[in-house]
Structures are given as C-alpha cells and as structure tokens.
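What follows is a set of notes on a single structure, which appears directly below.
Predicted model only: the values in this text are computed from it and were never measured. Chain A is the first sequence line, chain B the second, and so forth, proteins listed ahead of strands; every chain is numbered from 1.
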Amino acid sequence: MRKERSVIPLILILASAAFIFLMLALPLLLILVESFRAGLDFFAAAISDPYALKALQLTGIATVSSVGLNTLFGLAAAWAITRFSFPGKGLLTTFIDIPFAVSPVIAGLIFILTFGRISWLHPFLSAYDLKVVFAVPGIIIATVFVTFPFVAREIIPVLEARGTEEEQAASLMGAGFLTIFRRITFPHIKWALLYGVILCTARAMGEFGAVSVVSGRLRGKTNTLPLYIENLYDEHQFTAAFAVSSILVAAAIIILIARNIVEYTAKKDEDTNVR
Amino acid sequence: MYVELRNINKHFAGFQASKNVSFGIAQGILAALLGPSGSGKTTILRMIAGLETPDSGNIFIDHVRVNDLDPSKRGIGFVFQNYALFRYMTVFENIAFGLEIKKEKKSGIRERVMELLALIGMEDLEKRYPAQLSGGQKQRVAFARALAPNPRLLLLDEPFAAIDAKVRRELRCWLRDMIARLGITSIFVTHDQDEALEVAGEIILTNHGQVEQSGKPLQLYKSPKTSFVARFIGESVIVDDYGLLKGFSPAANAGQGHSASGAIRPEFIRIFTDKGSLRHENGTEDAVVESLAFRGSFIEAGLRLKNMLLTAHHSFEDAPIAVGDQVKVLIYRLYSFSGNQVKLVTNQYVMEHGNGYDYVI
C-alpha cells in the first residue's frame with residue numbers, strides 16, 4: 001500500500017511533464033529555433049516587412065476594440081444577470097456561452113450571411129458605403145463574437161458570490177448607481193475583470209477561424225497576424241512564418257506572466273478582504 | 001405613534017408574507033419584531049425601510065406616509081443581518097460613507113466618525129478592514145455606520161444572529177443601553193424570544209404573516225392573547241386534557257366538546273421533595289421524575305404525571321432529586337385554550353390563598 005502511494009504521484013507527474021513537454025514546450029521552442037535559423041538579419045527583415053507590420057497593426061486594432069467592447073458588454077450582462085430578475089434571463093445566460101460552443105468558422109459564415117452580398121442588409125449597407133465583410137469592421141465583429149464570453153463569464157460568479165447587501169446598504173444611504181459601482185461593486189470585481197480582459201486579449205490575438213472567413217485575406221489590408229503567418233506558410237516561406245509566429249508567442253508569454261501576477265494579487269486581496 | 005403600519009399586505013410569488021399587518025411604535029422605543037422563521041418579520045422591516053413595497057396598506061413615519069418615498073429619503077439607518085460592511089473600505093470609510101453621500105464637509109465627517117468610533121469604543125481600529133474585525137466589532141461598526149447620518153429610525157435585521165452566544169449576551173445589553181442613551185426609535189427583528197424579552201421595550205409577535213400580539217414583554221409573557229403566543233413565548237408544555245389535573249376543571253374554560261387543552265410553563269410547577277415543605281397539599285399530584293438535565297442555574301426535570309410529560313425547574317437549593325424518584329408536585333396555574341383564545345387558569349386550591357402572579361416590572 002505504502003509503495004503504491006508513492007508510485008502513483010510519480011507516474012502522474014512524469015506523465016503530465018512529458019505531455020506538456022511534447023505538446024507545448026517543444027513546439028514553442030522549435031518556433032523560436034526555426035525563426036532564427038536564417039540569422040538575426042533575416043528575422044528582423046521578416047518581422048519588419050510592411051505586410052507583417054500591417055498585419056500586426058490590424059491584429060492590435062481587432063484585439064483592442066474587441067476587448068473594449070466585450071468589457072462593456074460583459075459588465076452590463078453580468079450586472080443584469082446577477083442584479084435583476086427579468087424574463088429570458090436564463091436564455092441570456094445561455095446565449096453568452098454560444099461562442100464557446102460554435103466553431104469559429106461557422107461564426108465567420110454567420111457574418112458573411114448577415115453582412116455580405118446575399119444579406120437583406122446589403123442594400124442598406126452599400127447605400128451608405130459601409131463595408132463590413134472583407135474589411136476591418138468584419139474582422140472586429142468576428143473577433144468580438146468569438147471572445148465575448150470571457151469577461152462576463154469571469155465576473156458573473158464573483159458578483160453572485162459577493163451578494164447584493166453592500167450595494168443595498170449603499171443605496172439606502174442614498175448613493176447613486178455610479179457611486180455604488182465605483183466604490184462598492186468595482187473593488188469586488190476588479191481582479192476578475194482584469195483576468196477576463198487578459199483571457200479575452202489572448203484569444204482575440206490568436207483568432208484565426210472566424211476572421212479567416214470574413215476578412216477575405218487581402219494582404220496589407222485585411223490580413224491579421226495569424227492569417228499572414230498562414231500565407232507565408234502556404235508560400236513555403238517557413239522561416240519567415242516562424243519569425244512572425246514568434247511575435248505571437250512573445251505576446252502569449254507576456255500575457256501568461258500578466259495572468260499569473262493578477263491571479264496572485266487577486267488571491268492575496270481576497271485573503272485580506274473577504275472574510 | 002411615531003412609526004405606524006396600517007393594514008399592510010404583501011405577496012411574494014404564491015405566498016402571502018404579510019396579512020393585514022397593523023401596529024404602532026412610540027418615539028424612542030426599542031421594539032422587537034419577534035416570530036418563528038418564515039413568519040414575515042423581516043419582510044415587515046424591509047417594507048418600513050423601503051427595500052420592499054407593500055401591495056396595499058400604509059406606512060407612516062412621524063405622521064407622514066412614506067410608501068412612495070425613496071428608501072434613502074426616509075431617514076432610516078439599517079443594520080443588515082450579516083452587517084453588509086463595505087469589505088474594501090476601512091472602518092473609518094465605512095462609517096463616513098453615508099456622510100460623504102450627503103456631501104458633508106470633510107472636517108465635519110471626520111468629527112462625526114471619530115465621535116461614533118468613541119461611542120462604539122473602537123477609536124484605535126479606524127484603519128482596519130472589516131475582514132480584520134471580530135463578529136462583535138463588525139456589528140458595532142455596522143451600528144455606527146447606520147447611525148452616522150443621524151437617522152430618525154434605526155432598523156436592525158437579526159442583529160445578533162451571526163455572533164457566538166457569550167458575546168451575543170454582552171452585545172445585546174450594550175445595544176439596549178446605547179439605544180436608550182441616544183433615544184433613537186429602533187426596531188429589530190429576531191426569532192429568539194429571550195433576546196426580545198430582555199432587550200425590547202415593546203414586542204410585536206408575528207406568525208404566518210400576521211401580528212399575533214403586540215405589547216410590553218411582560219404583558220406578552222403573562223397574558224398571551226392567542227394560543228400561538230402562549231406556545232411560542234416561554235417554554236410551555238402543551239397538555240391535551242388538563243381536566244385530569246387536580247384543581248383544574250375544564251368547565252372553567254367554558255369550552256364545549258373538545259378536550260381541555262392548555263399550556264403549562266416550567267415555572268408554574270413546583271416540585272416538593274419532603275413533606276414538611278408541602279404547600280396546598282390537597283392540590284398536589286404524584287409524579288415520577290423521568291429525566292434530569294443540567295441547565296446552568298437550575299435543573300430541568302421531566303415529570304411523568306397521569307400520562308402527561310411535564311417540564312419543571314428545580315433549584316439546587318432544594319433537596320436533590322434523582323431519575324425514578326416519586327415526588328409531589330403542585331401545578332400553580334396554566335393557560336387554557338379554547339380555539340385561538342387563551343385564559344390563565346389558577347389552581348383552585350391555590351386560589352383559596354390568593355393569586356400570586358401579579359408582578360409588574
């Protein structure tokens with residue numbers, strides 16, 4: 001019995017470590033190795049290529065706008081779901097999770113149907129010369145769609161757990177909505193919100209499927225970083241593809257570190273302020 | 001009456017939380033809303049505060065109807081059951097919050113908060129966060145926070161529920177004295193009759209959304225108006241047919257048909273351990289001691305008497321009794337029920353020597 005107990009953890013630890021090494025660490029390491037294969041000069045040239053910079057810029061725009069929109073939406077939805085009872089509340093809660101369940105490619109197709117040539121919205125959009133599909137707005141909309149559960153999903157459980165009594169107490173003293181949000185509610189959810197924003201950022205930067213469908217992949221116009229990497233790969237420019245990939249890897253590592261800091265600080269904060 | 005509720009009704013999905021509730025509380029009184037859980041007492045408190053809206057009926061504070069007045073404009077201080085202290089604010093910031101909302105001057109706020117901290121004896125803890133306080137300290141901060149904006153009415157929802165027994169006793173005396181000192185009209189909700197009897201100047205006893213009886217604690221204790229009050233207050237034992245007991249005839253109850261049921265409180269029973277001390281001998285009964293339980297300052301004895309199991313208190317000063325002992329007991333009085341009516345009936349043999357149940361406190 002004693003022996004078994006000491007063997008099982010060892011097996012589990014080794015299995016996990018081997019799995020992570022093979023599936024995550026090794027591939028990431030290879031990306032870095034491959035990207036510098038042709039030397040530093042080539043690496044610099046690959047990532048400072050105008051198309052690469054344009055793709056980086058577009059990924060930045062899509063990420064910032066989807067994080068911004070989803071923060072607003074997530075806060076509103078989480079507040080509504082946890083603070084009010086209204087018909088269709090269960091439905092709203094379920095709908096928030098749809099992007100997790102639907103394949104991103106299908107999400108992309110949904111927007112082609114909604115805003116593309118076959119849509120009944122198309123006459124209206126073209127009358128005002130609004131380009132959604134195969135343009136930047138489409139990319140933003142697709143990214144918002146695939147990332148929208150993150151913020152709301154992080155905040156809802158916290159708001160639920162902390163209850164409404166503090167807000168009620170403040171409201172009884174005559175505090176208005178904004179004061180209550182700023183001074184009572186926000187301190188409770190700030191770490192969850194930040195955590196949601198980080199996850200949302202990570203997902204938005206890497207989004208491929210939905211964006212690939214709506215963007216039309218016009219190089220220098222509607223290519224985001226992941227799309228651009230695939231372009232390079234398709235053209236057998238493997239080293240350049242890896243070099244550009246390393247930008248995304250670096251961003252991912254930064255996000256990971258940020259996530260750990262937030263997790264640690266939130267834990268400490270919770271230990272001191274929540275019972 | 002300073003606070004007055006008239007014919008208040010309130011429904012929640014499928015159940016009536018308040019049925020025609022009416023009562024009044026004079027200025028400066030500390031009143032208890034007492035009742036078993038689910039009796040609608042918290043709903044009443046929340047309606048006075050404006051956290052719930054009654055379906056019908058009127059609420060008056062200082063002779064002004066407040067039904068349509070915003071909760072924050074009713075001049076109410078509210079202490080929540082779990083205190084609802086702002087966890088991300090210090091003790092000082094918690095107490096100051098209500099004053100800041102009222103846009104009072106910084107210096108004035110500081111002065112008022114320090115005054116309240118002195119009142120609750122926590123001057124040196126102003127920088128602590130709620131999580132760093134004990135239950136009793138949290139309660140006092142919640143009390144100070146509610147008082148800060150000078151409310152005209154203080155409402156407390158189960159203020160002692162979350163505190164351990166020893167501190168609870170201290171704290172309820174503290175709260176009673178504090179409220180008496182400040183002279184602020186206050187209403188607190190409790191399910192604990194000891195708490196209500198000890199602390200409150202006035203008790204409103206609720207059951208199934210209705211007010212069963214309201215009055216001074218002794219009045220409720222001594223002269224329950226309904227059988228519910230007689231059962232709820234005190235540690236009564238219900239007997240199905242008290243006509244079997246010496247000195248009590250069901251005819252006195254004038255109830256027809258049904259057996260004469262009633263309630264006997266432990267203090268209505270006296271256990272005699274030796275013949276010498278026996279009083280009203282003709283009225284005494286033989287009983288067997290079935291159980292004994294140590295209750296601190298007295299012993300609680302379970303007595304088997306003609307198929308009834310009664311509870312009596314026995315003093316340590318009297319000769320000790322043991323389980324299985326044959327003892328003589330005298331039942332001085334009991335509450336007889338007829339329908340929902342209650343009547344205090346005294347043992348005929350005791351009556352001959354006058355009624356001794358006329359304390360006024």
Exercise. Most heavy-atom pairs under 4.5 angstrom with chain B, which of A/Gly176, A/Ala175, A/Ser171, A/Gly163?
Worked result: A/Ala175
Exercise. What are the two closest non-hydrogen atoms of B/Ala49 and A/Leu172, and how far apart are they?
Worked result: O-CD2, 3.8 Å
Exercise. Are more than 12 heavy atoms from other residues, nucleotides or ligands located less than 6.0 Å from atom CZ of A/Phe86?
Worked result: yes
Exercise. Using non-hydrogen atoms only, which part of B/Leu51 is less than 4.5 Å away from chain A: side chain, backbone, both, or neither?
Worked result: side chain
Exercise. Does CZ in A/Phe100 sit with more than 12 non-hydrogen atoms of other residues, nucleotides or ligands closer than 6.0 Å?
Worked result: yes
Problem set entry | B/Tyr88 vs A/Thr185, side chain to side chain contact (heavy atoms under 4.5 Å, CB included): CA-CA, chis, key distance, verdict | CA-CA 9 Å; B/Tyr88 288 89; A/Thr185 315; over 6 Å; no
Exercise. Which residue out of B/Phe97, B/Tyr83, B/Tyr129, B/Phe78 racks up the most heavy-atom pairs below 4.5 Å with chain A?
Worked result: B/Phe97
Problem set entry | Distance (rounded to the nearest 0.5 Å) between A/Glu165 CD and B/Asp157 CG | 8.0 Å
Problem set entry | Residue A/Lys268 excluded, over 12 heavy atoms near NZ under 6.0 Å | no
Exercise. Taking all atoms of both residues into account, what is the closest heavy-atom pair of A/Gly174 and B/Ser72, and its distance?
Worked result: CA-CB, 3.3 Å
For this session: Determine whether B/Glu100 and A/Arg183 make a side-chain contact, defined as any pair of heavy atoms from C-beta on separated by less than 4.5 Å.
Result: yes
Exercise. Around atom CD of B/Glu111, are there more than 12 heavy atoms of other residues, nucleotides or ligands at under 6.0 Å?
Worked result: no
Exercise. Checking heavy atoms, do the side chain of B/Arg46, its backbone, both or neither come under 4.5 Å from chain A?
Worked result: side chain
Problem set entry | B/Phe12 atom CZ, over 12 foreign heavy atoms within 6.0 Å | yes
Problem set entry | Atom of B/Ala84, atom of A/Glu166 and distance for their closest heavy-atom approach | O-CG, 3.8 Å
Problem set entry | Donor-acceptor contact present, side-chain B/Arg87 to main-chain A/His188, <3.5 Å | no
For this session: Mark yes when over 12 heavy atoms from residues, nucleotides or ligands other than B/Arg152 sit less than 6.0 Å from its CZ; otherwise mark no.
Result: yes
